[in-house]
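Structure, as structure tokens:
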Amino acid sequence: MRAASWPYFDPDYESLSLRINPPRVVIDNDSHADATLVKVNSANKHGILLEVVQELTDLDLSISKAYIASDGGWFMDVFHVTDQQGNKIWEADVLDNIHKALVTRKSKVSAELSRCAAGKFMGAGSIAEHTVIELTGTERPGLLSEIFAVLTEMNCRVHASEFWTHNRRVACMVYITDEDTSGPIHNVKKLVAIKEKLHLVMQGDNDETRVARTNVAEGATHTERRLHQLMLADKDYEDSEQLERSKPVAAKDKPTITVQTSRERGYSVINVRCIDRPKLLFDTVCTLTDMQYVVFHATATLEPASGPWAVQEFHIRQMDGQVLSPDAEEKVKKCLEAAIERRSSKGLRLELCTGDRVGLLSDVTRIFRENGLSVTSADVSTHGDKAMDVFYVADPSGKPVDKKTVETITRNYPILGVKETSSSTSKSSKSPSTEQVTSPLSNFLKSSERFFQGITSGWKTSTVA
């Protein structure tokens, strides 16, 4: 059988084609009772599906269904979207933002529209205002605390950061400025010193074959896509049998991924079934794109009858038009499973909203480290002069925080508690009668706020199973 080939896309022709045939975006609030339909027709190019899904995700929209076709030179998609509470999109300004984002794409959006927030696109303007550090290494308790301690020692302010762990590997991106100049770090000697200190922290006592890496990002980037790329390059999808047995993920909750290749039809068909969650489609499409696969057809739906399960199907080929080999089939299954699990944060969720200052994150994460709490993921951002941070913590072995440990901490830091919200509360629930309790860990956190001046408001905790 003669191999199918993927046509070569000349960059100049692509640009000309998009100028002649700009994307056509139709937003339909009449055809479906429970979702707003976003229809996108555009000249095709590699990676366009990821661009569109990324735009919708960055607008904080939830994609409940998607129907994708991109055979030949044209790209036609339909997305069913809602807000994070499951409601249709009616606000005129939000609808206008969806249309503008999909027509212009982030690469053409002016610098003033870029936002410095973890998980969002960082355009040229934001890169010009911050120094962006990329870190990968081996997970260990206290690592995030050591990272922020180095940055505090070097008189750097952290404006945003995202920290992922998976299979005992870590990827982290940190957006910083020099406190002396309130801008990016232009002092070459200082930047080299920061990189060297952070590299020593990331390397630790690790003697594994996969070494730590510390880089300064250049050019525009998207935080979450870059984290996927860093962990993919670090091969976090590879794990030993011992690590597989120690995973806290229950068998019933693990993603089910199959690949069937039809050489007659010229496609490899990937089927994914897993628990639904925000940004799931972005994570799977991002991985396929970064592995240099071309998605020709795809669907994404939900299985409400059997619980919150998502089902995705992708018809793909390699960039050269070939279907997947048996070895490639096994690798893509591992990589998609890793992409799904990276964002499935488990443990005790802690939220902090307080006035920002240099050293704040170093103080907060030192509290965790000194009391035996390991950060499994973190999303750090600043809005004006406020720090708005989310941490997931567990014990050093990755298990839920032990109640006795919390009680011990409480004896050392006895003071007022804060509200604890049950994770079982529905996102769309507006009832004020939800039970709220004061936990020992909340008491500890509140007392720590007094101990470290500047941590003055707003811890909220909840347990994620």
Side-chain angles (χ1 to χ4, degrees), residues 32-38 49-50 52-68 77-89 98 119 162 164 166 224-225 227-228 231 237 247-259 269-289 295 297-316 332-347 349 376-377 379 390 392 421-429 462-465:
H32 199 280
D34 300 323
T36 298
L37 272 58
V38 179
L49 174 59
L50 175 59
V52 172
V53 172
Q54 179 176 301
E55 297 292 349
L56 296 174
T57 301
D58 284 352
L59 289 167
D60 207 26
L61 299 175
S62 176
I63 302 173
S64 57
K65 294 181 181 179
Y67 303 95
I68 295 145
D77 287 2
V78 178
F79 299 93
H80 293 226
V81 303
T82 64
D83 63 19
Q84 292 301 321
Q85 286 70 45
N87 303 313
K88 294 177 69 171
I89 312 301
I98 294 173
E162 193 144 354
W164 287 4
H166 180 249
E224 292 178 342
R225 183 179 183 188
L227 286 169
H228 276 302
M231 299 206 87
Y237 53 86
K247 281 184 180 179
V249 180
K252 65 182 180 64
D253 295 337
K254 286 182 64 64
T256 301
I257 302 170
T258 62
V259 183
V269 181
I270 300 174
N271 284 279
V272 178
R273 184 177 184 271
C274 63
I275 294 177
D276 188 39
R277 59 164 175 76
K279 303 187 180 182
L280 178 63
L281 185 60
F282 169 79
D283 293 338
T284 52
V285 171
C286 180
T287 299
L288 293 174
T289 303
V295 177
H297 305 282
T299 59
T301 58
L302 299 176
E303 286 185 353
S306 59
W309 289 88
V311 177
Q312 300 177 0
E313 181 175 289
F314 301 94
H315 294 240
I316 70 168
V332 76
K333 287 194 289 186
K334 290 182 179 180
C335 291
L336 285 172
E337 180 178 337
I340 292 168
E341 290 181 347
R342 286 172 198 145
R343 204 194 292 270
S344 300
S345 301
K346 296 183 182 297
R349 176 185 170 103
T376 59
S377 67
D379 186 347
V390 176
Y392 285 85
T421 305
S422 171
S423 62
S424 62
T425 303
S426 170
K427 287 189 297 183
S428 60
S429 173
S462 61
T463 301
V464 179

Walk me through whether Val285 and Val295 qualify under side chain to side chain contact (heavy atoms under 4.5 Å, CB included). CA-CA 9 Å; Val285 171; Val295 177; 5.8 Å; no

Using a 3.5 Å distance criterion without hydrogens, assess whether the side chain of Lys88 forms a donor-acceptor pair with backbone atoms of His32. yes

So, taking the atom named CD1 in Ile275 and the one named CD1 in Ile340, what distance separates them when rounded to the nearest 0.5 Å? 10.5 Å

So do Lys65 and Thr299 actually touch side chain to side chain, heavy atoms under 4.5 Å? no

Quick one: closest heavy-atom pair of Trp309 and Cys274, and the distance? CE3-C, 3.2 Å

With a 4.5 Å cut-off on side-chain heavy atoms, are His80 and Tyr67 touching? yes

Nearest-0.5 Å distance, OG1 of residue Thr301 to CG of residue Asp276: 10.0 Å

Closest heavy-atom contact between Ile270 and Val272? CG2-CG2, 4.0 Å

Report yes if some heavy atom in the side chain of Lys333 is under 4.5 Å from a heavy atom in the side chain of Val259; otherwise report no. yes

If the plane angle is over 60° it's perpendicular, under 30° parallel, otherwise tilted; pick one for Phe282 and His228. tilted

Taking the side chain as C-beta and beyond, is there a heavy-atom pair between Leu227 and Glu162 under 4.5 Å? yes

Closest approach of Gln84 and Ser62, non-hydrogen atoms and distance? NE2-N, 3.7 Å

From Leu56 CG over to Gln54 CD, what is the distance, rounded to the nearest 0.5 angstrom? 10.5 Å

Could you grab the distance from atom CG of Leu281 to atom SG of Cys286, nearest 0.5 Å is fine? 11.0 Å

Side chains of Ile98 and Thr36: closer than 4.5 Å at any heavy-atom pair? no

Answer whether the closest heavy-atom distance between the side chains of Val38 and Leu61 falls below 4.5 Å. no

Any idea which heavy atoms bring Ala298 and Phe314 closest together, and the distance? CB-CD2, 3.7 Å

Are Thr284 and Gln312 linked by a side-chain donor-acceptor pair shorter than 3.5 Å? yes

Do Asp283 and Arg277 pass the side chain to side chain contact (heavy atoms under 4.5 Å, CB included) test, and can you show the C-alpha distance, the side-chain angles, and the key distance before you say yes or no? CA-CA 11 Å; Asp283 293 338; Arg277 59 164 175 76; 2.8 Å; yes

Hey, what do you get for OG (Ser377) to CH2 (Trp164), rounding to the nearest 0.5 Å? 9.5 Å

Please check this pair: side chain of Thr376 against backbone of Tyr392, looking for a donor-acceptor N/O pair closer than 3.5 Å. yes

Does Asp60 pair with Lys279 as a salt bridge, N-O distance under 4.0 Å? no

Do the side chains of Glu224 and Arg343 get nearer than 4.5 Å, heavy atoms only? yes

Looking at Thr287 and Ala339, would you say the former's side chain and the latter's main chain have a donor-acceptor pair under 3.5 Å? no

Correct closest heavy-atom pair for Glu313 and Val269 would be CG-CG1, 3.8 Å

For Ala35, does its backbone N or O pair with a side-chain atom of Thr82 as donor and acceptor, under 3.5 Å? no

Got a second to check how far Thr289's OG1 is from Leu49's CG, nearest 0.5 Å? 6.5 Å

